Amino acid sequence: MKKLHIVSNRLPFSIEEEDRKFSLTPSVGGLATGMKSVYKDFEGRWIGWPGIANDKYSKQDAKKIEGMLQKEGCESVWLNSDEIETFYEGFCNRTIWPLFHYFSQYVDYNQEFWESYVEVNRRFADKTLEVVEDGDFVWVHDYQLMLVPHMIKAERPNITIGYFLHIPFPSYEVFRILPWRNELLNGLLGADLIGFHTYDYERHFLSSVRRLFGHDIKFNRINVDERIVVADAFPMGIDYDKFHNAALETVGKPAKKKSEVHRSLEQYFSLVTDGKLLLSIDRLDYSKGIPHRLRAFERFLEKYPQYQNKVTLVMLSVPSRDSVPQYQQLKSEVDELVGRINGLYGSVNNVPVWYFYRSMPFENLVELYTMSDVALLTPVRDGMNLVAKEYVACRTSQTGVLILSEMAGAVKEMGESLVINPNNVNQVADAIHQALEMPLEEQKARMTVMQDRLKRFDVFEWAGQFVASLTRVDKIQKDFLSRKVTTSLREKLIETFKKSHNRAIFLDYDGILSLFNQNLKEASPDEALYKILEALTLDERNEVTLISGRDKEILNEWFDGYDVNLVADQGVWMRRRGSGWEMLTNATNDWMPMVRPILDSYVLRTPGTYIEEKNYSLVWHYRNAEAELGELRSNELRDELTNMVANHNLEIMDGNELVEVKTGGINKGVAANRFLLNRNFDYIMAMGDDWTDEYLFREMPPEAVTIRVGIKPTQASYRLETVEDVRKFLEAMVKTK
Ligand code: GDG
């Protein structure tokens with residue numbers, strides 16, 4: 001059975017200790033739940049940190065804990081107290097976390113933290129490498145382990161690696177600030193599939209890859225050396241049924257079984273006529289916009305005094321990273337704001353903000369969700385925000401209103417909430433008012449749509465879809481690799497060639513027989529190439545066609561006297577062996593004066609671009625422009641040319657960072673077909689290196705041996721890497737035993 005291993009900073013258990021006796025408490029977080037579902041179909045280990053510093057325990061105790069965890073399918077990676085400070089609290093939470101949440105002013109650029117991050121990532125990778133077997137899948141999680149994918153891939157390329165980032169990926173302008181940005185990106189690119197919560201994060205990531213590394217990217221596929229890496233959005237869901245069923249149970253609970261929190265909430269409603277509860281739950285983190293929320297609530301009480309003494313904000317803030325200075329500052333700020341609001345608007349019978357600085361058991365959490373009229377979630381940045389989803393899942397009566405920040409990833413799937421900008425105090429205050437006044441019918445209509453969606457796309461679906469995509473990417477990857485012409489495959493292909501008697505050989509010139517060079521002298525054929533051509537053409541069984549985008553004059557100069565067919569200008573001209581040049585179509589270029597001014601306007605508006613004029617085509621090159629601007633403008637240009645193309649029998653071809661407008665019906669494939677028509681070849685081969693050769697490959701019969709040079713995606717059946725490899729291949733073909 002194929003194995004899927006999970007690698008995350010924390011293992012899904014926490015270690016409890018009493019009198020040196022240890023016990024494991026399973027984590028009930030979303031990740032652990034989602035993973036359980038994919039574990040059913042795969043076996044595998046979970047690799048992570050047990051959550052305690054190993055230098056605080058004796059070696060025997062650590063071994064004992066390791067043993068207990070192993071029984072639960074977990075492999076431990078240990079951190080000592082120093083590393084907790086430099087890796088976890090340091091690089092993870094004082095460098096990556098603030099930067100990726102756009103708090104660049106909080107970022108600590110500390111070399112020691114970075115070194116510790118590298119070292120700990122190495123340890124995670126090593127542990128994973130100990131556990132995995134060839135062909136296994138590994139799923140790495142989150143920002144603590146961004147270097148791990150590359151570390152694994154470098155040593156074991158045949159391990160299929162997925163990576164999921166649970167926090168936002170920031171815009172390139174923010175990401176570039178980091179001194180170690182290239183190392184982090186390179187680390188991630190070791191994965192085969194990279195997942196984000198939203199398309200925006202994916203887009204930012206791809207933009208950074210393009211700008212920092214210049215890799216070729218088509219849609220969401222990145223060509224990295226010899227591999228394809230896919231980036232995609234997988235919005236994480238929750239265990240909907242668990243929350244919904246727990247809420248149903250809470251609502252129907254008999255009085256004596258109710259918890260203290262439940263009873264206090266009920267008491268509140270019995271004491272305050274028309275009382276309303278607003279709820280927020282989050283870790284006490286500066287990304288969650290807690291002061292913003294309090295200020296907006298204060299403004300609401302000020303602006304809508306009729307609600308004073310009738311509305312209470314229940315704010316559960318779970319202590320988090322309290323050794324990091326910014327979290328301590330935040331705690332003081334929140335304490336102060338809560339004090340101010342309660343001081344200003346509180347009365348003997350009413351406290352406007354109930355502030356809990358602690359965590360609560362799941363049961364209480366569900367009670368809060370079910371009994372609150374409004375959830376007020378105001379993060380200034382949030383990868384997803386699962387609390388928003390949990391609140392909706394718990395609204396079994398379909399009443400209640402969600403107010404959600406537009407900066408939370410969850411907003412993409414929860415457009416029926418009241419969407420606010422947390423920095424806009426008045427807007428949030430008004431949204432609270434709107435929520436409290438919202439008719440029941442409207443509440444239900446909004447809630448039902450969100451519930452249906454969350455139920456369908458729950459955490460199991462999320463994990464399942466990620467793994468299904470990983471399997472697909474693995475297939476693409478294997479297919480890509482399997483087309484590489486290895487020495488043994490070359491021998492096989494040549495053996496078939498040698499057994500054949502009537503052969504058609506189509507060879508592109510630049511990039512195949514010679515390295516492309518603007519300078520004609522440099523690009524001209526060398527002695528070795530002429531020798532190969534002589535040998536090929538000497539054998540009567542071979543019919544060689546050189547097929548090129550170059551003009552007929554230069555092909556004449558280079559190959560006159562050789563017994564080869566020539567195709568020039570991408571298929572406009574052809575010269576059969578022993579005869580003169582003929583034009584293949586009624587190609588005209590009288591459309592050029594009409595198209596040229598349009599291209600000129602794009603050159604003007606897009607720095608770094610230029611126009612190349614060929615006999616029957618005009619090419620707008622944007623290779624030297626800023627990558628994203630070039631792509632955007634190329635789409636605009638295509639759009640602008642659409643009508644003209646249809647009316648004048650033109651074609652637009654998309655190349656590598658270029659748009660080519662040409663007379664219709666001309667390409668290498670159409671030209672090659674002329675040589676195949678009514679002929680009976682028992683061996684057909686076509687070699688090319690760029691997108692114009694894809695036309696050639698497309699026209700070849702299925703049994704043809706089609707070879708593309710380079711690593712770009714192709715329709716050809718095989719791939720060679722360099723011009724040198726082509727030479728070796730052709731030399732082997734002409735070699736007589
Ligand atoms: C990161 C990203 C992304 C909270 N208090 C208690 C408690 N919780 C549970 C909630 C919820 C979870 O913690 C919090 O999840 P969030 O998604 O809201 O936020 P982060 O912890 O910052 O998580 C975030 C997430 O990763 C997943 O990818 O959504 O954007 O920042 O499940 O219910 N649970 C209990 N007691 C509490 O007091 N039992």
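Counting convention: from 1, in listed order, for ligands and their atoms alike. The shown structure was predicted, so the numbers you read here are calculated from the model rather than taken from an experiment.
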When you measure from atom 34 (N) of ligand 1 to each heavy atom in L377, D382, L365, which option holds the nearest one?
L365

On a heavy-atom basis, which atom in F243 and which in A393 lie closest, and how many Å separate them?
CB-CB, 3.9 Å

Salt-bridge test for E72 and R45: reply yes if a basic N is under 4.0 Å from a carboxylate O, no otherwise.
no

Below 3.5 Å, N or O to N or O, backbone or side chain included: is there any such pair between R358 and ligand 1?
no

Any side-chain donor paired with an acceptor under 3.5 Å for T198 and D200?
no

I need the contact type for L316 against ligand 1. Using non-hydrogen atoms and a strict under-4.0 Å cut-off, is it side chain, backbone, both or neither?
side chain

If we set the cut-off at 4.0 Å for heavy atoms, which region of H166 has an atom near ligand 1: side chain, backbone, both, or neither?
both

Does at least one non-hydrogen atom of W97 fall below 4.0 angstrom from an atom of ligand 1?
yes

Atoms in ligand 1 flagged as close to G383, the criterion being non-hydrogen separation under 4.0 Å:
30 (O)

Find all atoms of ligand 1 within a distance of less than 4.0 Å from any non-hydrogen atom belonging to I281, and give their numbers and elements.
4 (C), 5 (N)

Testing the 3.5 Å rule here: is there a donor-acceptor pair between the side chains of E367 and N364?
yes

Using the ring of each side chain (for Trp, its six-membered ring), is H141 parallel, tilted or perpendicular to W462, with breaks at 30° and 60°?
tilted

Main-chain N/O of I159 paired to K153 side chain as donor or acceptor, under 3.5 Å
yes

Between Q398 and Q451: side-chain donor-acceptor atoms closer than 3.5 Å:
yes

I need the atoms of ligand 1 closer than 4.0 Å to a non-hydrogen atom of M384, numbered in the order shown.
3 (C), 24 (C), 29 (O), 30 (O)

M360 heavy atoms within 4.0 Å reach ligand 1 at atoms 35 (C), 36 (N), 37 (C), 38 (O), 39 (N)

Using modelled atom types only, decide if a donor and an acceptor are shared between the side chain of E17 and the backbone of S23 within a distance under 3.5 Å.
no

Side chains of Y327 and S320, donor plus acceptor under 3.5 Å:
no

Show the atoms of ligand 1 that are less than 4.0 angstrom away from any heavy atom in M236.
27 (C), 28 (O)

Under 4.0 Å from a heavy atom of L386: give me the atoms of ligand 1 that qualify, with their elements.
16 (P), 17 (O), 18 (O), 27 (C), 29 (O)

Tell me which part of D285 gets within contact of ligand 1: side chain, backbone, both or neither, using heavy atoms under 4.0 Å.
neither

For the 3.5 Å polar cut-off, considering only N or O atoms, please tell me whether F243 and ligand 1 meet it.
no

Option passing side-chain contact (heavy atoms from CB on, under 4.5 Å) with Y117 (candidates T95, L145, L184, T86):
L184

Heavy-atom proximity to atom 21 (O) of ligand 1, picking from R283, H101, H141, points to R283

Region of V318 engaging ligand 1 - heavy atom pairs below 4.0 Å:
side chain

